[in-house]
Structure formats: C-alpha cells, structure tokens
> 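What follows is a single structure, and I will ask about it in a moment.
Just so you know, these numbers come straight off a predicted model, no measurement behind them. We use all heavy atoms of the structure for the numbers below, so side chains are in, but hydrogens, waters and symmetry mates are not.
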2 protein chains.
Amino acid sequence: MDLIEIFKALGDENRIRILNLLIRQELCVCEIETVLDMTQSNASRHLNKLKTSGIITSEKKSQWVYYRVDNKFIEENNLLYEFIKNKMAENTQLLRDIETLKKYKNSNFTCEQLREDKSQVLKYLREQCNNN
Amino acid sequence: MDLIEIFKALGDENRIRILNLLIRQELCVCEIETVLDMTQSNASRHLNKLKTSGIITSEKKSQWVYYRVDNKFIEENNLLYEFIKNKMAENTQLLRDIETLKKYKNSNFTCEQLREDKSQVLKYLREQCNNN
DNA sequence: TATATATATGAGTATAATTGAATATAATCA
DNA sequence: TGATTATATTCAATTATACTCATATATATA
C-alpha cells in the first residue's frame, strides 16, 4: 500500500528533519549532512527512503545530487502535505533546524569548504545558533 | 515528537485496516479480530499502539472494551484525518474490509456466537463477501 | 464461590530498520 | 591519465517491531 509506505517514510525523526529542510529549498546531500550534523551515508540512506516512497525527487548536477520535494507528491497528497507543514511550524527542533539552515546559507560556505574543514563550519553554525 | 509517533502508528497495514473500521463505527476487540481475521493478542496490541499515539480511545463496557477514533485527534489533526479518509476510499483491500464489516453487522452474529464457533462465522463472512 | 470469557500482557522468536565504517561508483579537475 | 570528491552501497552489528503462544486480570454469570 502506497499510503503505508508514505507513513513509514514519515515515521522517523531524521527523515522528518530532512523533509523539513527540503520543504524550504532544494539541497544537496553534503548540505543536509552539515546542517543536520549526520553522517554522509545516513543522510544518503534516509534521502533514498524518502525518494522511494515518492515524497522527494532528485536531480544530478555535475557531481552533486540535489533533492527536493516531489511536485507530484504535493499534488496527490495535498492535505497530508499541508498537515505536515502546519505541524512542522509548531516544533522547536524543526524550527531550530531551519535557523541553522539559514545561518548556513548566510555564511556562504560552499560544499568545497565543507570538504576542507567541516568541523569549522559546524562550529560556526553552532555559535551562530546559540546567539539567538 | 508527537508527529512521528502518529506516523509510526499509521505505518503498518494491520493498524491501517483497524483504523479503517473504527472510522466507520466503534468496535470491540473481538469484532475487529473477526472481521480482519487476526489473533486476539495481535489485535489488542495494535489497538494499544493506536491508542498510545493518541489516534483512538477506548471505553470499557462490562467485559468488552470498545475502541473508537479519538475526537481530540480528529480536531487537532483534521487535515491528516481527511487525507486518511480520502486515501482509504481508494484502496480495494480497505473497501473489502468495510464490506466484511457490513456483512458481519448484518449477520447479527454476537460476540457470544463468535466465542462458540468462530470458524463458522468466518466461513459465513467469506461466502458473503465472495458473492459480491 | 466457581466457572467462563474479553482483553491485556509477558516471553520468546522472527523479521525489519537503523547505524557507522569501509568500499564502490561516477563525475571533476589537474 | 591519475587524483580528488560527492554520493551510493555493502557489511556487520545493534536495536526496534511484529507475531504467536501461554498466562494474567477483570468482569460476568450460574
């Protein structure tokens, strides 16, 4: 049942956190990895689960793979999609993640810098977020 | 996260089948057990999971425990609830379950009869459903 | 009170999901 | 081409879920 696969995909904290970011904007794996502070393989796996259940889709741009919410999913599951967005707006953890995403985007760190010194970027993001 | 517990509870075929029935009407454990042809302990466990996640509620009436969708859940998660109902109406398995429920109700079998000869009741329900 | 019964729960097992570390793959760039 | 890198995948370990059978609990009834 499609319905059940969707609910299974949504029934995991890491995947909800990823989806929360992707609802804001499309992102590549290394960005998600950084903002949510999870391992690369874990991010990739969760993205795959969201993709297999039809919630998100991906596009390869040179060496990066960009993920975004699938428009087909939004159309076909609009009530669910609106529900998710509403509930996400009430959740502190998810709001914090959005703040981290904003800080990350404002920092103008690139995927190249992430590669060179990820720990510095993470430190920067934590400091910025603690200032709020 | 509440949200995740709800999705976890919904991410299981047996629980979706149970919820599908309860959306129609409140039912006791032995009725669910019979209509969905599952073991008593399994039905009870799934009902408990739906209950702890806040989707359904229960009321004990003499020796029976009646389960129904929690009104609080409907109010607080209305978009999700409407989504679920819409999707359920598109699913053949779930529509078949509703037919079985109707047959069961029309048969006027009681919980007492179920206890005495459950196999007869199951046979009857299967025959009735195959006629459609 | 003794018996029957509706439901819940415990124990054990089987299956599935999640994870990190290591490796494979595919694209880029020097 | 060879080195680097972004992402995916495999492996092995752990943890969580689901299921069945047996038993406990609470209620009803003779």
Side-chain angles (χ1 to χ4, degrees), chain A residues 1 4-19 22 26-53 56-68 109-118 121, chain B residues 1 4-19 22 26-53 56-68 109-118 121:
Chain A
M1 237 185 273
I4 288 163
E5 288 313 306
I6 290 173
F7 286 139
K8 271 190 185 155
L10 295 173
D12 177 272
E13 181 167 354
N14 281 321
R15 288 192 291 271
I16 285 287
R17 290 180 72 197
I18 290 174
L19 183 59
L22 294 181
E26 75 168 20
L27 294 165
C28 70
V29 183
C30 72
E31 291 172 320
I32 291 166
E33 201 186 316
T34 306
V35 173
L36 300 184
D37 195 13
M38 57 172 73
T39 64
Q40 182 272 322
S41 78
N42 212 16
S44 176
R45 262 192 290 244
H46 284 305
L47 283 161
N48 186 255
K49 180 109 185 182
L50 286 168
K51 192 179 169 182
T52 325
S53 66
I56 65 176
T57 182
S58 68
E59 188 184 354
K60 189 153 193 169
K61 296 179 186 175
S62 82
Q63 72 264 53
W64 293 282
V65 178
Y66 282 84
Y67 286 90
R68 62 167 166 278
F109 279 125
T110 61
C111 287
E112 281 75 13
Q113 284 170 282
L114 284 177
R115 173 204 317 147
E116 278 154 26
D117 193 355
K118 189 172 161 180
V121 178
Chain B
M1 238 185 274
I4 288 164
E5 288 312 306
I6 290 172
F7 287 138
K8 273 191 184 154
L10 295 172
D12 177 273
E13 181 168 353
N14 280 322
R15 287 192 291 270
I16 285 287
R17 291 179 72 198
I18 290 174
L19 183 59
L22 294 181
E26 75 167 22
L27 293 165
C28 69
V29 182
C30 72
E31 291 172 318
I32 291 166
E33 199 187 319
T34 305
V35 173
L36 300 184
D37 196 13
M38 58 173 69
T39 64
Q40 182 271 320
S41 81
N42 210 18
S44 176
R45 268 173 227 280
H46 284 306
L47 283 161
N48 186 253
K49 181 114 185 177
L50 286 169
K51 191 179 168 181
T52 37
S53 67
I56 64 175
T57 183
S58 67
E59 188 184 354
K60 187 152 192 170
K61 296 180 186 174
S62 82
Q63 72 262 55
W64 292 282
V65 177
Y66 282 85
Y67 286 90
R68 62 167 167 276
F109 280 126
T110 61
C111 288
E112 281 77 13
Q113 283 169 286
L114 285 176
R115 171 203 319 147
E116 276 154 24
D117 192 355
K118 190 172 161 179
V121 178

> Would you please confirm or rule out a distance under 4.0 Å between OP1 or OP2 of D:dC21 and any side-chain N or O of B:N42?
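Negative; the distance criterion is not met.
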> Can you name the residues that form a side chain to side chain contact (heavy atoms under 4.5 Å, CB included) with A:N42, not counting sequence neighbours?
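Checked A:N42 against side chain to side chain contact (heavy atoms under 4.5 Å, CB included); matches are A:N14, A:T39, A:R45, A:H46.
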> What residues form a salt bridge (Lys or Arg N to Asp or Glu O under 4.0 Å) with B:R17, not counting sequence neighbours?
B:D97
> For B:K8 and D:dA16, is the shortest distance between a side-chain N/O and OP1 or OP2 below 4.0 Å?
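Checking D:dA16 against B:K8, no side-chain N or O comes under 4.0 Å of OP1 or OP2.
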> Can you list the residues that meet the side chain to side chain donor-acceptor pair (under 3.5 Å) rule with A:E59, with sequence neighbours excluded?
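A:E59 satisfies side chain to side chain donor-acceptor pair (under 3.5 Å) with A:R68 only.
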> Quick one: pull up CZ in B:R15 and CG in B:L22 and give me the separation to the nearest 0.5 Å.
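The CZ atom of B:R15 sits 13.5 Å away from the CG atom of B:L22.
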> If you assign A:G11 and B:V65 each to the DNA chain C nucleotide with the nearest heavy atom, which residue ends up on the more 5' nucleotide?
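Looking at the nearest nucleotide for each, B:V65 comes out on the 5' side.
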> May I have the distance from B:I18 (atom CD1) to C:dT7 (atom P), rounded to whole angstrom?
13 Å
> Expressed as a whole number of angstroms, how long is the span from A:E59:CD to D:dT7:P?
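A:E59 atom CD is separated from D:dT7 atom P by 13 Å.
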> Indicate the atoms forming the closest heavy-atom contact of B:L47 with B:I18, along with that distance.
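So the minimum-distance heavy-atom pair works out to CD2-CG2, 3.7 Å.
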> Rounded to the nearest Å, what distance is computed from the CZ atom of residue A:F7 to the P atom of nucleotide D:dT17?
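After rounding, the gap between these two atoms is 18 Å.
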> Can you name the side chain to side chain donor-acceptor pair (under 3.5 Å) partners of A:K51, sequence neighbours left out?
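Only A:S58 meet the side chain to side chain donor-acceptor pair (under 3.5 Å) criterion with A:K51.
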> In B/S/- notation, 5' to 3', how is nucleotides 22-30 of chain C contacted by protein heavy atoms closer than 4.0 Å?
B----SS--
> In whole angstrom, give the distance that lies between atom CH2 of A:W64 and atom C1' of D:dT5.
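Going from CH2 in A:W64 over to C1' in D:dT5 covers 9 Å.
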> Rounded off to whole Å, could you give me the CG-to-P distance for the B:N14 and D:dA18 pair?
9 Å
> Go ahead and name the base partner of D:dA30; Watson-Crick or wobble counts if both distances stay under 3.5 Å, otherwise write none.
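C:dT1 - that is the nucleotide pairing with D:dA30, both distances being under 3.5 Å.
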> Can you check whether B:Y67 has a side-chain N or O nearer than 4.0 Å to OP1 or OP2 of C:dA6?
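No, no such contact exists.
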> Please state how far atom CD in A:E33 lies from atom P in C:dG20, giving the value in whole angstrom units.
11 Å
> Mind listing the residues from residues 44-53 of chain A sitting with a heavy atom below 4.0 Å of DNA chain D? Number order is fine.
A:S44, A:R45
> Please find the pair of heavy atoms, one from A:C30 and one from A:T34, that lie closest to each other, and give the distance.
O-OG1, 2.7 Å
> Nearest whole Å is fine: how far is D:dT17 P from A:I4 CD1?
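Spelled out: CD1 on A:I4 to P on D:dT17 is 17 Å.
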> Between C:dA17 atom P and A:L10 atom CG, what is the distance in whole Å?
15 Å
> Closest approach of A:A43 and A:V29, non-hydrogen atoms and distance?
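What the structure gives for the nearest pair is CB-CG1, 4.2 Å.
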> Between A:E31 and A:Y66, does a side chain to side chain contact (heavy atoms under 4.5 Å, CB included) hold up when you go through it step by step?
CA-CA 10 Å; A:E31 291 172 320; A:Y66 282 84; 4.1 Å; yes
